[in-house]
Protein chains: 2
Amino acid sequence: MNYEEAKIKFISTWGSLGTLWGINKAMAQIQALLFISTKPLSMEEIMEELQISRGNTSMNLRQLMDWGIVTKELIPGERKEYFTTEKDVQELARIVAKERSRREIQPVIKVLNEVSSIEDDGTEKTKELIKQTKALHDLTETADAMINKLVNQQQNWITKSLLKLFT
Amino acid sequence: MNYEEAKIKFISTWGSLGTLWGINKAMAQIQALLFISTKPLSMEEIMEELQISRGNTSMNLRQLMDWGIVTKELIPGERKEYFTTEKDVQELARIVAKERSRREIQPVIKVLNEVSSIEDDGTEKTKELIKQTKALHDLTETADAMINKLVNQQQNWITKSLLKLFT
DNA sequence: ATAAACTTTCAATAATTATTGAAAGTTTAA
DNA sequence: TTAAACTTTCAATAATTATTGAAAGTTTAT
């Protein structure tokens with residue numbers, strides 16, 4: 001496998017993994033391209049490399065910036081805008097975990113809390129609904145808290161010890 | 001909010017959360033319905049409650065069984081098949097984490113490993129590709145391992161201590 | 001062996017989501 | 001202030017994914 005093949009394989013794999021971290025294919029591919037680029041890229045260059053339209057590129061870059069994963073780079077003397085992505089994988093993971101928590105997990109926790117707090121009318125089905133949604137609520141909240149904590153700490157002594165424990 | 005309202009809210013919320021754990025809406029809704037049901041349900045009952053077609057119900061039940069989340073229950077004297085879901089949230093999380101790892105994460109780890117193992121031709125762009133995909137590979141592998149380990153342990157002393165540490 | 005009761009399959013269709021491309025908008029240089 | 005260089009927006013279209021429903025398949029009872 002040479003450089004070009006490897007690059008294409010990486011971008012397309014990372015693109016299809018997008019769903020796993022809650023973003024769409026084009027977004028993930030743009031991020032992947034920037035992630036292995038040795039310099040900031042212009043919209044033109046991104047369009048060219050990924051064979052996608054100007055509109056698509058513009059919208060997805062905007063979303064990546066909303067997520068805080070990509071930033072504009074102003075190159076002196078250049079009219080065009082250039083883009084870079086966060087290059088540190090730990091930081092990337094931190095941002096993604098935080099955003100997904102805020103966008104998707106927190107709203108669900110809220111609903112689970114509401115549902116599990118309905119008045120117990122004494123019927124079996126109500127008891128079951130309350131019991132099960134409460135269990136889901138607690139699980140979701142705990143998982144969310146753990147992921148955020150883990151991902152937030154820098155590679156400090158706790159994380160290091162945990163890695164040893166769990167590997 | 002009364003029982004019916006709460007039930008509908010729970011099912012639809014859990015349904016739209018489906019994407020987060022990698023399954024589609026109908027699948028997630030069927031699972032949600034079974035999760036709060038006090039008894040096994042027939043295909044007929046599921047179709048009726050969720051207002052979905054027989055074909056859709058059949059296919060999604062099949063998928064849930066493939067995942068190992070739902071099982072057929074044979075009720076003596078009954079011709080119909082009845083379905084139940086795993087009711088323990090910890091066990092549910094274990095199954096989901098394991099399946100997603102197998103279906104999605106492992107294949108990505110494999111590709112990242114291949115890509116990061118290409119021959120270093122000495123150019124800057126190849127060096128960057130290798131460096132960055134290697135970092136992603138290590139991150140993904142570590143995260144996958146941790147999630148599986150965490151979710152696999154029963155609520156034993158380690159998990160309990162961790163929860164205290166991280167909450 | 002037949003038929004009723006039930007489940008699965010799958011081509012057709014609908015719903016959703018992503019993408020395009022060109023017009024409108026913005027910024028900068030002269 | 002004008003025009004060139006560039007970016008954004010968004011209605012139209014394409015691609016993808018989910019859903020239907022009816023025919024085919026299976027199982028069980030008689």
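To find a chain, count down the sequence lines: A is the first, B the second, and so on, and within it residues start at 1.
Side-chain N/O atoms of B:Glu45 and B:Ser42 include a donor and acceptor closer than 3.5 Å. Judged by distance alone, the side chains of A:Thr85 and A:Gln31 do bring a donor and an acceptor atom under 3.5 Å apart.
Regarding B:Ile75, its CD1 atom lies at a distance of 15 Å from the C1' atom of C:dC6, rounded to whole Å. Per the geometry, CZ belonging to B:Arg54 stands 14 Å off C1' belonging to D:dG25, to the nearest Å. Between A:Leu61 atom CG and C:dT19 atom C1' the separation is 15 Å, expressed in whole Å. When the C1' atom of D:dA5 is taken as reference, atom OH of A:Tyr82 falls 12 Å away, rounded to whole Å. Between the CD atom of A:Gln29 and the C1' atom of C:dT19 there is a distance of 13 Å, rounded to whole Å. Across the protein-nucleic acid pair, B:Met59 atom CE and C:dT7 atom C1' stand 13 Å apart, rounded to whole Å.
With rounding to the nearest 0.5 Å, the separation of OG1 in B:Thr71 from CZ in B:Phe83 is 9.5 Å.
Residue A:Arg62 is classed as a sugar-phosphate contact, given heavy-atom separations below 4.0 Å to backbone atoms only. Here B:Glu81 lies in heavy-atom contact (under 4.0 Å) with sugar-phosphate atoms only.
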Do any N or O atoms of the protein come closer than 3.5 Å to N or O atoms of nucleotides 16-18 of chain C, and which pairs are they?
none

Would you tabulate the pairs of protein nitrogen or oxygen atoms and nucleotide nitrogen or oxygen atoms of nucleotides 27-30 of chain C closer than 3.5 angstrom?
| residue | atom | partner | partner atom | Å |
| --- | --- | --- | --- | --- |
| C:dT27 | O2 | A:Arg79 | NH2 | 3.0 |
| C:dT28 | O4' | A:Arg79 | NE | 3.4 |
| C:dT28 | O2 | A:Arg79 | NH2 | 3.3 |

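Candidate nucleotides D:dG21, D:dT8, D:dC6 were compared by shortest atom distance to the side chain of A:Lys72, and D:dT8 ranks first.
A donor-acceptor contact shorter than 3.5 Å links the side chain of B:Asn148 to the backbone of B:Asp144.
Across the helix from C:dA1-D:dT30 to C:dA30-D:dT1, the helix axis at one end is tilted relative to the axis at the other end by 10° (nearest 10 degrees, each axis from five pairs).
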